[in-house]
Each structure stands twice: as structure tokens, then as C-alpha cells.
2 protein chains.
Amino acid sequence: MKSKQSDKNTEALILDAAARVFTRNGFAGARMEEIASEAGINRALLHYYFRSKEKLFETVFRARFAEFVQGIAAINLAELSLFEKIEKLVDHQINSNRSNPGLAHFIMHELNCNPESLIQLAHENSRGFSTMFQAFSASVNEEITQGNIRPVKPTSLLINIMSMSIFPFTGKPMLSQILKMDQTTFEEFLDYRKKEIPEFIIQSIRKK
Amino acid sequence: MKSKQSDKNTEALILDAAARVFTRNGFAGARMEEIASEAGINRALLHYYFRSKEKLFETVFRARFAEFVQGIAAINLAELSLFEKIEKLVDHQINSNRSNPGLAHFIMHELNCNPESLIQLAHENSRGFSTMFQAFSASVNEEITQGNIRPVKPTSLLINIMSMSIFPFTGKPMLSQILKMDQTTFEEFLDYRKKEIPEFIIQSIRKK
DNA sequence: GTCTATATCGGGATAGAC
DNA sequence: GTCTATCCCGATATAGAC
């Protein structure tokens, strides 16, 4: 389908720029002009590769959603103890969000604004969700029956892990306001949390 | 300045509708037409009361931000033990977000997209922030010196509280996907968390 | 204060040359 | 495959009657 020389290249440039702009401003706030100039081309070419803003967005969103979910799934499905999963989930979330600023917020924002259309799109990527969550639940229940941790709902525990790891990123502008953090303080804070969150969680659930 | 009979009334209607629409779709996604029709009037009248979309938005944002922050501040400044503060903060966040769906996400989204302009606007409301946070820190440090809890950074603890209370709302569409929750399951889950989160936190920090 | 009608403009999309 | 020029609609904003 693709033929000429710099074809694949340009498409990648567009997707890259589009990912950045959509992530920064959301679908409604993004301008095709901005995407074009950030990709070093003009608007017409965007429409040549992807017929419409919607199509372009859909492509970007699908990719970014997969990007967001894949690490979580991999860790949950791995052969790891619960405590190791917790550590790795936190570590991965913090690393991933740090190198992809705005990703988590982007996903959440678009899902919030497009309940209908995007949710089924996200659903494609989600055929692994139930197995992933079952794997996590299994780890939790195993530790409970072995008497290593107190009884907790796997759902709640998973949400607690995600909350504490992700919220500082989606809420960054507010937090840096309230807590008067500049960029470097924030970075240090993130490193600190990579150890602190797993400790915090394990302290809470471990039987002593 | 305001004179005729239904004056205050209409203004309130507009602000109400605008708050709903902006909260639902964000500034960029909101349409003046939608706000007008939801207020039961027409577009022209919006511009009569508030000169532009920006002005209207600014008014709404200011109010909603205050709304979001006030409860948190009040609790932190109250004469309460740390554990009581934790319970009340969680309870308040869950109640507040439940009756104001989308509020937290709205605030965070607009702050994310408008780093420059809105952050200073939020700053107005924030002259209480440092005293609020100092009050919370004092509570934490008191419990530490009394040997009731293990040493924890007040910043981290506060963020943990907020994270676990707020994230389920901002991330609701994603969570209900991954965890296959319908609306009633979600509501039950929230009630459960009102008790579970404080327990989870206190279990983690209390010395036994 | 509230409406209808209209001006104006930004931005998504297309046509057509190269 | 990439560009320039243009179309066209949607949305903000204003004018002016009532």
C-alpha cells in the first residue's frame, strides 16, 4: 500500500507529532495546524495520510492506550510474588509516566469525554483485562490463605497501587501549586516515592 | 450594577449551565450553544452577561476551584487528631466527588492544559494552602513524636490520601472497563472505600 | 433583559498543480 | 508524496429590534 521513499517515515513523523499534540491539548483542543507544523509538514499532508482529524486521533489513541496498558498487564501476568508485583507496578508506572508526561491524563480525559465511542475502542485492547486482573487476584488470595497478609479486596488493592502511582502525575499542576514544588523537587519526590509507595502498601497489608 | 427583576436569576442559571458543560467537555470541547440551551436561553444572552467564552470560563473555573479546595482546607485546619483528619478527608472527597461528578477531573484537566494562565488564577485561592499544609504537617509530626505512628513525610501521606480518594473518580471510565463495574457496583464500591481507605492508611502508619 | 439576524473568523477538509 | 490555494462549516461574537 505504501510505496514512495520517505513514506513510512513521514507517517511516523505525523503520528509522533499527533501523539504529542493530542496528549498535550486533548482532541478538542488540538489543532491540525499545530500537528502539521510540529511534524514539519503542512495540513494537507495530514489529510493525505489520515483522512480526518477523527481518524488520526483514533489511530493515536489506540496506540497510546495500548502503550499505557501493556506494562501493567505484563507485570500482573508474570511469575512474581504479590510483593514483587506491587514493587514492579509502582516502579513501572512512575517510570512510564515520567518518560511520557501527560499520557495517563490524556487517556483518562478522552475516556471521560467520549464515553460511547472510545470505550469500545479501548475494549479491543482489553480482552486481556480479565485474565490480567484474575492473575493479580490470584496472587492476593494466595497470600491471604497463606496468612502472609490480612484479608483485602484485590480490586481495592490494585486501585490503591494505581492511585498512588498515577495521581501525582495527573494532578501535578495542582500538587505543585498546593505543595509549592518546582520541577527538580518534583523529580526527587518521584524517586522517593518509588520506594515509599510499596513500603506504604506492604506495611498496611502484611501480617506482623 | 444588576437591576431588572430576573437578573440575578438568569446569571445564576447561566453559571449553573456553564459549570455543567465546561465540567463535562472542558473549555475547548464546550460549545456556547450547549451552555445557552442548557440554561434555557440563547447564545446572545451569554455574551450580554459575560463578554466572552473566556470570561465565562474564568468565572466558572474560579468558583469550581474554590469549591474543590474549600473542604480540604477546612478539615486540615480543624481541631482534629491526625486519624480523624484522615477519615474526614477521605469521607469528604468521596462525598464531594460523588455529588460533583467530573469536578476533580475538570480542575486537573484545565490546569494541565493551561499551565500559565490558570495556575496564577488558582493561586488566588491558594493563599490558604501553605497554612493548610502546615496544619496537616503539624498533626503528622505530633503523632510521630508521640510515637503513635512511624515516621512518614507529611507530603507523601497527604498525597496518598488524596490519590486513593480522588483517583477512582478521575479514572472511573478506565476502571469500570478494566474491572467490569457497572454504575451500581461502582456506587457500592465507593461506600466500601469510605471505610477501607482510612483503615488501609492507618494500618500502614500506626505503630503496633 | 431577551430575542433574531448577521458579521467574522478559525480550522477542518478538498482540489489541483508539481 | 508534497505543496498552495480555496472551499465551507461551525462557533464566537456583535448589531439592533422589541
Side-chain angles (χ1 to χ4, degrees), chain A residues 1-62 106 109-110 113-114 116-118, chain B residues 1-62 106 109-110 113-114 116-118:
Chain A
M1 209 122 281
K2 315 299 167 50
S3 45
K4 289 279 177 62
Q5 79 285 31
S6 66
D7 191 357
K8 194 76 180 298
N9 213 340
T10 303
E11 192 174 325
L13 280 176
I14 293 175
L15 284 172
D16 245 48
R20 282 196 300 277
V21 175
F22 279 135
T23 303
R24 228 177 15 238
N25 303 119
F27 174 78
R31 298 296 97 129
M32 292 297 264
E33 169 58 35
E34 198 180 349
I35 295 174
S37 77
E38 198 148 317
I41 55 168
N42 62 23
R43 264 165 294 157
L45 209 50
L46 292 182
H47 288 92
Y48 174 80
Y49 280 90
F50 306 85
R51 270 186 50 78
S52 67
K53 189 184 179 187
E54 272 81 8
K55 298 270 189 199
L56 177 55
F57 176 78
E58 201 182 300
T59 310
V60 168
F61 182 83
R62 205 180 248 112
F106 168 67
H109 177 65
E110 299 304 333
C113 288
N114 296 291
E116 340 71 36
S117 56
L118 285 186
Chain B
M1 210 124 278
K2 315 299 168 48
S3 44
K4 289 281 176 62
Q5 81 285 33
S6 66
D7 190 357
K8 194 77 179 297
N9 213 341
T10 303
E11 193 174 323
L13 281 176
I14 294 175
L15 285 172
D16 244 48
R20 282 196 301 276
V21 175
F22 280 135
T23 303
R24 227 176 17 237
N25 304 120
F27 175 77
R31 299 296 96 132
M32 293 295 265
E33 169 57 35
E34 197 181 349
I35 296 174
S37 77
E38 199 148 316
I41 55 168
N42 62 22
R43 264 163 294 156
L45 209 50
L46 292 182
H47 289 91
Y48 173 79
Y49 279 90
F50 306 85
R51 270 187 52 79
S52 66
K53 189 184 179 185
E54 272 81 8
K55 297 270 188 198
L56 177 55
F57 176 78
E58 201 182 301
T59 310
V60 167
F61 182 83
R62 205 179 247 112
F106 168 68
H109 177 65
E110 299 303 333
C113 289
N114 296 292
E116 340 72 35
S117 56
L118 284 187

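Bear in mind the structure is a predicted one, so any value in this text is a computation, not a measurement. Below, chain A is the first sequence line, B the second, and so on; all start at residue 1. Keep in mind that the numbers below use all heavy atoms, side chains included, and drop hydrogens, waters and symmetry copies.
- Ranking C:dG12, C:dC3, D:dT4 by closeness to the A:A44 side chain, first place goes to D:dT4.
- Of the listed nucleotides (C:dG12, D:dA13, C:dG1), C:dG12 has the atom at the smallest distance from the side chain of A:R31.
- With D:dT4, C:dT4, C:dA13 as the candidates, the nucleotide lying closest to the side chain of A:E54 is C:dA13.
- As a whole-Å value, the separation of B:I35 CD1 from D:dA13 C1' is 14 Å.
- If you take CD of A:E33 and P of C:dG12, they are 9 Å apart, rounded to a whole angstrom.
- Rounded to whole Å, atom P of C:dG1 lies 12 Å from atom CG of B:N9.
- Contact between the side-chain N/O atoms of B:H47 and the OP1/OP2 oxygens of D:dA13 is found at a separation under 4.0 Å.
- In this structure, B:H109 NE2 and A:N25 CG are separated by 8.5 Å, a value rounded to the nearest 0.5 Å.
- Checking C:dG1, C:dA13, D:dT4 against the side-chain heavy atoms of B:L45 singles out C:dG1 as nearest.
- What separates CE of B:M32 from P of C:dT8 is a distance of 19 Å, to the nearest Å.
- Side-chain atoms of B:E11 never come within 3.5 Å of backbone atoms of B:Y49 as a donor-acceptor pair (strictly under, hydrogens ignored).
- Counting only heavy atoms from C-beta on, B:Y49 has its side chain closest to C:dT2 among D:dT2, C:dT14, C:dT2.
- B:L56 has its CG atom 15 Å from the C1' atom of D:dA11, to the nearest Å.
- Backbone-only engagement by A:I41 is indicated by non-hydrogen atom pairs under 4.0 Å involving sugar-phosphate atoms exclusively.
- Per the geometry, OH belonging to A:Y48 stands 17 Å off C1' belonging to D:dT4, to the nearest Å.
- For the pair B:F50 CZ and D:dT12 P, the computed distance is 16 Å after rounding to whole Å.
- Residue B:I14 contributes atom CD1, which lies 10 Å from atom C1' of C:dG1 at whole-angstrom precision.
- Distances shown here put a side-chain N or O of A:R51 below 4.0 Å from the OP1 or OP2 atom of C:dT14.
- If you check D:dT12, D:dG1, C:dA13 against the side chain of A:K53, the one that comes closest is C:dA13.
- Judged purely by atom type and a 3.5 angstrom limit, A:N42 uses its side chain to pair as donor or acceptor with the backbone of A:L45.
- Contacts of B:A36 with the nucleic acid, taken as non-hydrogen atoms under 4.0 Å apart, are absent.
- Nucleic acid contact class of A:A30 (heavy atoms, under 4.0 Å, all strands): sugar-phosphate only.
- Between A:F61 and A:F22, the ring center distance fails the sub-6.0 Å criterion.
- A donor-acceptor pair under 3.5 Å links the side-chain atoms of B:K53 to the main chain of B:F27, judged by distance alone.
- Proximity of B:N42 to the phosphate of C:dT2: no side-chain N or O atom is located under 4.0 Å from OP1 or OP2.
- The closest side-chain heavy-atom distance from B:V60 to B:T23 is not below 4.5 Å.
- Here C:dT2 is the nucleotide among C:dC3, C:dT2, C:dT14 with the atom lying nearest to any side-chain atom of B:T10.
- Of the two residues near DNA chain C, B:G40 and B:R43, the one whose nearest nucleotide lies more 5' is B:G40.
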